[in-house]
Protein chains: 2
Amino acid sequence: MFSIGEFSKITGLTVKTLRFYHEQGVLKPSHVDPGTGYRYYAPELIDYARVISSLRELEFSLSDISAILNQADDDSDILEFLSSHRQEIAAQLERYNQITNSLDVIIRKEEEARSLMGKINYDIEEKQLEPILVAGIRMKGRYSECGKAFSKIGRKFGRHICDKPLMLHYDSEYREDDANFEPCMPIRRGDSVDGIDVHELRGGRCISLIHQGPYEELGRSYERVFGYLRDQNYEFEMPTREVYIKGPGMIFRGNPKKYLTEIQVVLKS
Amino acid sequence: MFSIGEFSKITGLTVKTLRFYHEQGVLKPSHVDPGTGYRYYAPELIDYARVISSLRELEFSLSDISAILNQADDDSDILEFLSSHRQEIAAQLERYNQITNSLDVIIRKEEEARSLMGKINYDIEEKQLEPILVAGIRMKGRYSECGKAFSKIGRKFGRHICDKPLMLHYDSEYREDDANFEPCMPIRRGDSVDGIDVHELRGGRCISLIHQGPYEELGRSYERVFGYLRDQNYEFEMPTREVYIKGPGMIFRGNPKKYLTEIQVVLKS
DNA sequence: TATTGACTCTCCCGTTACTGGAGGCTGTAG
DNA sequence: CTACAGCCTCCAGTAACGGGAGAGTCAATA
């Protein structure tokens, strides 16, 4: 017979835990001194305790363990317990996998944005655009409707998206209620489906300006771009493009003063 | 301003949860009526609540969330939180992966054993053995030492093991203290290392008998096998083999009366 | 024999993020 | 005036222990 302290050292279970298991009826001492209340454990219980530890390591609940110990003395008796427990664990696993994925997406996005922030200058630039394939939804109406379009594209093309969202503007002047625009996502490949049009945007020389601040203030930056185009006597093509480099975050809506949007106007070649 | 019930419907958080968040200081109502104690929430808090929900879905603790909300209003501010949280989640993931693996191993083992139990007959059989590659440790001494050898082989060749453990007996008579034997694991491939000898066991005609019961009673089954060999005038080869079909389980020590051991004696060809 | 020091006992609280329930007050509609 | 829905506070419970207080016990030593 071992005292609780000895038994604790043998089994690796703490004294507290042993007392708790006694209270819960999972592992009862062989003998309890009626006078002192001291617990004494017989050597046979060592194996019993080992079984309990094993099951706890597999994250079985104490009530499951009680049930198991009451009706089984062989691994083959508990196959159903094992399988159903495996399912629960697998569900947890799935959940944590999703969380890690989400976290990864957010982290990657923010790290990109952060590194980008460093090397941005807020002057008008001329640069060369590569052609890109996009999935877009042509819309007429209010810009505020674009959210639905983006999420629809996201659902359909989720895993093929390869860059930041952008919007094509087909109006030559600013319109509020019946604007003509196309929310797009750059994709690696895919075909038009279900109202979503997959097409290629041509590359070429373009004028680019990065706008920092809320979307309502985009007008000021457009002014600069069009002023520049006029000064240089450049002719440009429709539609113009807005690339949303940094907008509302995945968690916070973010601070609109930090939003970054690139205005791109492709020149006639 | 919304009442707690309205705000609950809007945000999807239960009334209980909202009260709890108030108590914890995570999400304080905009106004609390001093007379009635009624909580009232301003529309701006909807977004705030959404942030909290998002973070909870990512399994952040409430104290983390408080800390985050107190010092950040943009995703990029919380990169460190996200990364360190990601690590914790990844650790959990690892753990659950291990558990699933262990469970799978146990389940597979037991299902095999169970299906085997059905088609076993306990008569002496003559059958054809295929050659197999094994990793073994030649030992002299007591059989009870074999556990260490098995676990050593398991550690070194873990992922290449492809069948049940077996033991080779080189003694022509029973010996207690200085037996000459070799615990082995069948493996798919591998090389001798560090005291472990990888070699091939030849195939051929063999006499086989499945023994059910504790190892101490193996003697009775050996008697039957050798009796049969004598009756048939068969000559056999050393070493003889014992295959441990079902022994102590991964969790329970199991019931020795249910242990299954196959005795194999290869005939001279 | 008294005394140490190690061991053990019970009882209570705290952890996390809530849920459930009792008992009582408030607001509004009929 | 009376329902009834909605809101309040306070308390208890969850799972599996860990920490600590205060008191009793055991074995060996002075």
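One finds no side-chain N or O of A:Arg19 lying less than 4.0 angstrom from the OP1 or OP2 phosphate oxygen of C:dT10. Residue A:Ser63 places none of its side-chain N or O atoms closer than 4.0 Å to OP1 or OP2 of D:dA15. The shortest distance between the side-chain N/O atoms of B:Thr17 and the OP1/OP2 oxygens of C:dA17 is not below 4.0 Å. Not one side-chain nitrogen or oxygen of A:Arg39 sits closer than 4.0 Å to the OP1 or OP2 atom of C:dT8. Regarding contacts with the backbone of C:dC18, every side-chain N or O of B:Thr14 stays at 4.0 angstrom or more from both OP1 and OP2. One finds a side-chain N or O of A:Tyr21 lying less than 4.0 angstrom from the OP1 or OP2 phosphate oxygen of D:dC17.
Both B:Leu62 and B:Thr36 sit near DNA chain C, but only B:Leu62 has its closest nucleotide nearer the 5' end. Comparing B:Gly35 and B:Phe60 by the nucleotide of DNA chain C that holds the closest heavy atom to each, the one mapping nearer the 5' end is B:Phe60.
Just one of B:Ile52, B:Ile89, B:Leu82 meets the side-chain contact (heavy atoms from CB on, under 4.5 Å) condition when paired with B:Phe60; it is B:Leu82.
In this entry the distance linking CE of B:Met1 with P of D:dC7 reads 15 Å, nearest Å. When the P atom of C:dC18 is taken as reference, atom CG of B:Leu13 falls 8 Å away, rounded to whole Å. As rounded to whole Å, 18 Å separates atom P of D:dG13 from atom CZ of B:Phe20. Atom CG in A:Leu27 sits about 12 Å away from atom P in D:dC17, given to the nearest Å. Between A:Ile52 atom CD1 and D:dC17 atom C1' the separation is 15 Å, expressed in whole Å. In this structure, B:Phe7 atom CZ and D:dC8 atom P are separated by 13 Å, rounded to whole Å. When the P atom of C:dT8 is taken as reference, atom OH of A:Tyr41 falls 10 Å away, rounded to whole Å. Here the P atom of nucleotide C:dT16 and the CD atom of B:Gln92 are 15 Å apart, to the nearest Å.
Checked against C:dC18, D:dG18, D:dC17, the side chain of A:Lys16 finds its nearest nucleotide in D:dG18.
A donor-acceptor contact under 3.5 angstrom links the side-chain atoms of A:Tyr38 to the base of D:dG24.
Side chains of B:Glu217 and B:Tyr215: a donor-acceptor N/O pair is absent below 3.5 angstrom, by distance only. Looking only at atom types and distance, the side chain of A:Tyr244 has a donor-acceptor partner in the side chain of A:Glu242 under 3.5 Å away.
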### Message
With side-chain contact (heavy atoms from CB on, under 4.5 Å) as the criterion, how do A:Ile4 and A:Tyr38 come out once you've worked through the C-alpha distance, each side chain's angles and the decisive distance to 0.1 Å?
### Response
CA-CA 8 Å; A:Ile4 196 170; A:Tyr38 275 35; over 6 Å; no
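Residues A:Tyr41 and A:Leu18 form a side-chain contact, since some pair of their non-hydrogen atoms from C-beta on lies under 4.5 Å apart.
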